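Every chain is numbered from 1 and lettered A, B, ... according to where its sequence line falls, protein lines coming before strand lines. Predicted, not measured: the structure shown is a model, and the values here were computed from it. Both backbone and side-chain heavy atoms feed into the values below; hydrogens, waters and symmetry mates do not.
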Protein chains: 2
Amino acid sequence: MIPYVLVVEDEDALSALLQYNLDKEGYRVTIAGDGEEALVMIDEQMPDLIVLDWMLPKVSGVEVCRRLRARSETRNLPIIMLTARGEESDRIRGLDTGADDYVVKPFSMSELAARIRAVLRRIRPGLAEDRLHHGDIIVDRVAHRVRRADKEIHLGPTEFRLLDYLMQHPGRVFSREQLLDAVWGSDVYVEARTVDVHIGRLRKALNQHVDNDPIRTVRSAGYSLDASA
Amino acid sequence: MIPYVLVVEDEDALSALLQYNLDKEGYRVTIAGDGEEALVMIDEQMPDLIVLDWMLPKVSGVEVCRRLRARSETRNLPIIMLTARGEESDRIRGLDTGADDYVVKPFSMSELAARIRAVLRRIRPGLAEDRLHHGDIIVDRVAHRVRRADKEIHLGPTEFRLLDYLMQHPGRVFSREQLLDAVWGSDVYVEARTVDVHIGRLRKALNQHVDNDPIRTVRSAGYSLDASA
DNA sequence: TAAAACTGTCACATAACTGTCGCATAGCGA
DNA sequence: TCGCTATGCGACAGTTATGTGACAGTTTTA
């Protein structure tokens with residue numbers, strides 16, 4: 001699955017550059033222009049990693065960082081800080097606040113990309129690994145196969161991506177909109193109810209040999225992969 | 001082709017010695033000082049073999065090993081562990097984790113070099129082997145012959161290379177683009193659909209005497225050699 | 001040098017998958 | 001319990017991806 005990076009940066013020139021290059025590196029990228037916006041987007045879209053400018057309007061980078069660390073859902077969200085030279089003494093405070101790494105401006109794209117790779121690997125090995133297990137479900141991303149209780153399960157491409165995404169965050173509830181963003185892509189327009197249909201198809205496929213349904217419907221909130229099991 | 005060896009070792013004296021001696025043995029050598037650095041370098045430089053100290057700062061040797069084995073790109077990367085005497089009981093765990101061989105410190109350079117040669121010869125399946133087997137298919141890369149179920153199969157050059165490539169990674173799904181890169185070469189421009197046609201021809205040739213198709217189509221993803229069978 | 005073998009593309013047939021509707025149910029607050 | 005809202009899901013028509021025979025241009029073989 002494609003890692004999803006949120007860039008929080010108020011200088012448009014830089015954020016556009018970052019978007020362009022990270023996209024080319026194979027990441028899905030969104031931009032937030034200030035800390036407040038960032039906090040909202042993080043909640044809604046659950047990125048895999050955040051590139052966070054130290055200085056930001058409204059809510060500073062440090063503050064964003066601190067708040068994310070204070071909440072359990074975002075405690076392990078990888079964060080890379082961007083700091084300007086001269087704020088160097090602050091770096092340490094940055095890491096204290098809970099950033100996973102920092103890059104000093106001006107930086108090269110390849111340097112940032114390398115840090116991102118390293119941090120993703122270190123913090124969230126699940127992203128890079130090519131097999132996801134949960135209960136009796138196995139998703140093999142390289143072979144593009146799904147098994148449940150040792151039976152081969154055939155899924156269409158969309159159902160496959162949907163399951164893959166849910167398996168990355170077991171137990172977490174996703175709204176239909178979040179799932180559309182993550183699985184269909186933020187650019188296409190599709191009815192939210194379509195998610196229901198695909199969830200239904202996924203359920204049917206997964207439960208054909210087994211009695212218990214691993215997908216939990218959370219009324220008026222969305223769906224999640226059942227954390228138990 | 002000079003084999004490229006990455007040495008992961010935190011004691012500078014030892015790593016320098018290794019670099020010197022392995023270089024003299026005819027290997028290209030790079031050093032990583034801890035596990036984290038190693039993981040980055042492996043990704044970026046794709047060495048042919050890794051000499052990995054058991055005890056490392058940040059990310060231990062075992063952990064590095066485990067993570068490499070969890071990702072398909074590095075699953076077959078040969079690894080030789082360096083363990084200190086007294087960690088001997090751990091040795092077994094080392095091999096379980098996926099190391100291909102281990103050497104107990106203190107060791108002689110010639111011993112290490114011999115292990116490296118042996119492992120390179122033994123492990124590199126596609127590169128060194130002159131025959132690939134999978135199910136009832138045999139590809140003889142030296143004689144340039146293919147047999148299935150004991151019948152000689154005639155393939156054109158492109159079909160041969162295509163099958164050869166698929167047989168190096170059974171089960172793994174390759175996109176049309178990946179196959180074009182690997183089989184046709186990254187510089188030529190050929191329609192992606194051309195892959196379909198060659199897959200079709202390959203299928204026809206392979207299945208002429210046998211009923212079951214060893215090539216799996218994964219809709220919207222690509223093709224793979226069926227890992228079962 | 002002619003015949004045979006091989007390639008890459010196309011066009012068309014078919015199979016697989018998608019998104020939406022609409023109606024049936026289930027859940028929930030009053 | 002009633003009424004409203006949210007979800008489940010079969011059906012369907014439109015779309016997209018794949019399989020494959022034909023063909024013309026090239027390369028290899030005899």
Side-chain angles (χ1 to χ4, degrees), chain A residues 144-146 152-166 173-208 211-226, chain B residues 144-146 152-166 173-208 211-226:
Chain A
H144 257 264
R145 278 173 188 280
V146 176
E152 181 82 30
I153 303 284
H154 177 86
L155 296 179
T158 305
E159 280 82 42
F160 186 89
R161 291 198 307 273
L162 182 54
L163 176 61
D164 182 293
Y165 187 68
L166 291 174
V173 178
F174 294 100
S175 71
R176 293 170 176 70
E177 287 70 26
Q178 289 174 317
L179 290 173
L180 284 174
D181 262 17
V183 175
W184 276 255
S186 45
D187 41 355
V188 296
Y189 177 68
V190 186
E191 285 294 325
R193 288 299 311 279
T194 299
V195 174
D196 297 10
V197 178
H198 281 275
I199 288 280
R201 289 172 180 158
L202 181 54
R203 277 180 169 142
K204 191 160 146 190
L206 288 175
N207 303 340
Q208 56 192 317
D211 190 13
N212 95 60
D213 184 356
I215 298 175
R216 191 165 61 103
T217 302
V218 181
R219 174 162 248 255
S220 81
Y223 298 97
S224 79
L225 197 69
D226 209 315
Chain B
H144 246 256
R145 278 166 182 278
V146 176
E152 183 78 27
I153 302 285
H154 175 85
L155 295 179
T158 306
E159 277 80 56
F160 185 88
R161 291 199 307 275
L162 182 53
L163 176 60
D164 182 288
Y165 188 68
L166 291 173
V173 175
F174 294 100
S175 69
R176 294 171 174 69
E177 288 69 26
Q178 288 175 311
L179 290 173
L180 284 174
D181 265 13
V183 175
W184 277 256
S186 47
D187 42 354
V188 296
Y189 177 68
V190 183
E191 285 294 325
R193 287 300 309 279
T194 298
V195 174
D196 297 10
V197 177
H198 281 275
I199 288 280
R201 288 171 181 160
L202 181 54
R203 277 181 168 140
K204 194 160 146 189
L206 288 174
N207 303 340
Q208 55 191 320
D211 190 13
N212 94 60
D213 184 356
I215 297 175
R216 187 167 70 109
T217 302
V218 181
R219 176 167 250 253
S220 86
Y223 299 97
S224 78
L225 197 70
D226 207 316

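Distance A/L162 CG to C/dC17 P: 15 Å, rounded to the nearest Å. Atom CD1 in B/I199 sits roughly 15 Å away from atom C1' in D/dA17 (whole-Å rounding). The CZ-C1' distance, from A/F160 to C/dA16, rounds to 17 Å in whole Å. Rounded to whole Å, atom P of C/dC17 lies 12 Å from atom CZ of A/R161. Here the C1' atom of nucleotide C/dC21 and the CG atom of A/D196 are 13 Å apart, to the nearest Å. Whole-Å rounding puts the A/L155 CG to C/dT18 P distance at 10 Å. Across the protein-nucleic acid pair, B/Y189 atom OH and C/dT9 atom C1' stand 11 Å apart, rounded to whole Å. Computed from coordinates, the A/I215 CD1 to D/dG8 C1' distance equals 13 Å when rounded to whole Å.
Residue A/Y223 is classed as a sugar-phosphate contact, given heavy-atom separations below 4.0 Å to backbone atoms only. As judged by a 4.0 angstrom heavy-atom cut-off over every strand, A/V218 is placed among residues touching the sugar-phosphate backbone only. Residue contacts shown for A/R203 are limited to sugar-phosphate atoms, with no base heavy atom under 4.0 Å away.
Along DNA chain C, the nucleotide nearest to A/E191 and the one nearest to A/G156 differ in position, and the one closer to the 5' end is contacted by A/G156. For A/T194 and A/H154, each mapped to the nucleotide of DNA chain C holding its nearest heavy atom, the one lying further toward the 5' end belongs to A/H154. Mapping B/A221 and B/K204 onto DNA chain D via the closest heavy atom, the residue that lands nearer the 5' end is B/A221.
Contact of the B/D213 side chain with the B/L206 side chain is not registered, since no non-hydrogen atoms from C-beta on lie closer than 4.5 Å. With a 4.5 Å cut-off on side-chain heavy atoms, B/Y189 and B/E191 count as touching.
Comparing D/dT7, C/dA11, D/dG21 by their nearest atom to the side chain of B/V197 picks out D/dG21. Candidate nucleotides C/dG19, D/dT7, C/dC6 were compared by shortest atom distance to the side chain of A/R193, and D/dT7 ranks first. In this structure, of C/dC17, D/dG19, C/dT20, it is C/dC17 that holds the atom nearest to the side chain of A/P157. Among the nucleotides C/dA15, D/dC9, C/dC6, the one closest to the side chain of B/R219 is C/dA15.
Applying the 4.0 Å criterion to OP1 and OP2 of C/dT18, one finds that A/T158 has a side-chain N or O inside that range. Dashed line: the shortest gap from a side-chain N or O of B/W184 to OP1 or OP2 of C/dT7 is not under 4.0 Å. In terms of phosphate contacts, A/S220 brings no side-chain nitrogen or oxygen within less than 4.0 Å of OP1 or OP2 of C/dG27.
Of the N and O atoms on the side chains of A/R145 and B/S224, not one donor lies less than 3.5 Å from an acceptor on the other residue. In this model, a donor atom of one side chain and an acceptor atom of the other lie less than 3.5 Å apart for A/T217 and A/R203.
Nearest heavy atom pair, residue A/A192 against residue A/R176, reads O-CD, 3.7 Å.
The aromatic rings of B/H144 and B/F160 sit parallel to each other, their planes meeting at less than 30°, with 60° as the upper class boundary.
No N or O donor and acceptor, one from the side chain of B/R201 and one from the base of D/dG21, sit under 3.5 Å apart.
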